[in-house]
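When a ligand or atom number is given, it counts from 1 through the structure's own listing order. Please read all numbers here as calculations on a predicted model, not as lab measurements.
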Amino acid sequence: MDQVKYTGEPMDTEGTGLRRLTKETVKKLIHYSQEAKKQAYCPYSKFRVGAALLTVDNCLFTGCNVENACYNLGVCAERNAISKAVSEGYTAFKAIAIASDLSDQFISPCGGCRQFMREFGSSWDVYLSKPDGSYTKMSVNQLLPASFGPEDLDMKKVLDISNEY
Ligand code: THU
């Protein structure tokens with residue numbers, strides 16, 4: 001595991017199936033989300049968040065929240081991790097772990113991040129964690145039921161609007 005310092009490095013996942021993670025792998029993923037949390041740039045909210053994303057090829061991408069003096073430009077940890085992966089050519093994911101400093105609550109992703117996750121499928125897992133390493137698992141579909149996704153754009157319409165206005 002010590003070799004997993006950089007974005008996109010393979011993560012040792014101990015003989016898991018396509019999307020099933022062993023308890024040990026979940027523990028590691030949460031550990032990496034806690035490490036990513038240490039990089040949080042959150043001078044305005046003082047609310048640190050870290051995320052660790054595992055691709056189906058067992059590559060790891062981490063992210064933290066990055067805020068801005070122009071408040072609405074801040075980016076969440078989850079979106080940063082996903083964008084890092086996508087920009088390196090990875091779009092199929094097994095799971096993402098999220099960490100914050102909330103002692104008594106599992107950190108829950110914001111609505112925007114749920115939609116951002118859903119872009120890459122509904123049947124992968126989100127591990128919502130606490131600083132003590134405890135967690136609860138929810139699928140993207142559970143977090144965002146009846147969602148709108150890329151497939152919907154190709155569904156039958158009553159009217160096709162041409163691009164020429
Ligand atoms: N934040 C995240 O990065 N992920 C979440 O799941 C919830 C919220 C960030 C956004 C902002 O920088 C700070 O936490 C407070 O909302």
| query | When you check the side-chain N and O atoms of Asn58 and Lys94, is any donor under 3.5 Å from an acceptor? | reply | yes
| Are Ser108 and Arg114 close enough that a side-chain donor and a side-chain acceptor fall under 3.5 Å? | yes
| said: Residue by residue, ordered by chain and number, which ones reach under 4.0 Å of ligand 1 with a heavy atom? | reply: Ser45, Phe47, Val49, Asn65, Glu67, Cys76, Ala77, Glu78, Ser108, Pro109, Cys110
| field | Exercise: do Glu35 and Thr62 side chains pair donor with acceptor under 3.5 Å | value | no
| task | State which residue, out of Val86, Asp57, Val126, Asp125, fulfils the side-chain contact (heavy atoms from CB on, under 4.5 Å) condition with Phe93. | result | Val86
| In terms of heavy-atom contacts, does NZ of Lys27 have more than 12 from other residues, nucleotides or ligands at under 6.0 Å? | no
| said: Once side chain to side chain donor-acceptor pair (under 3.5 Å) is applied, do any residues pair with Gln142, and if so which ones, sequence neighbours excluded? | reply: none
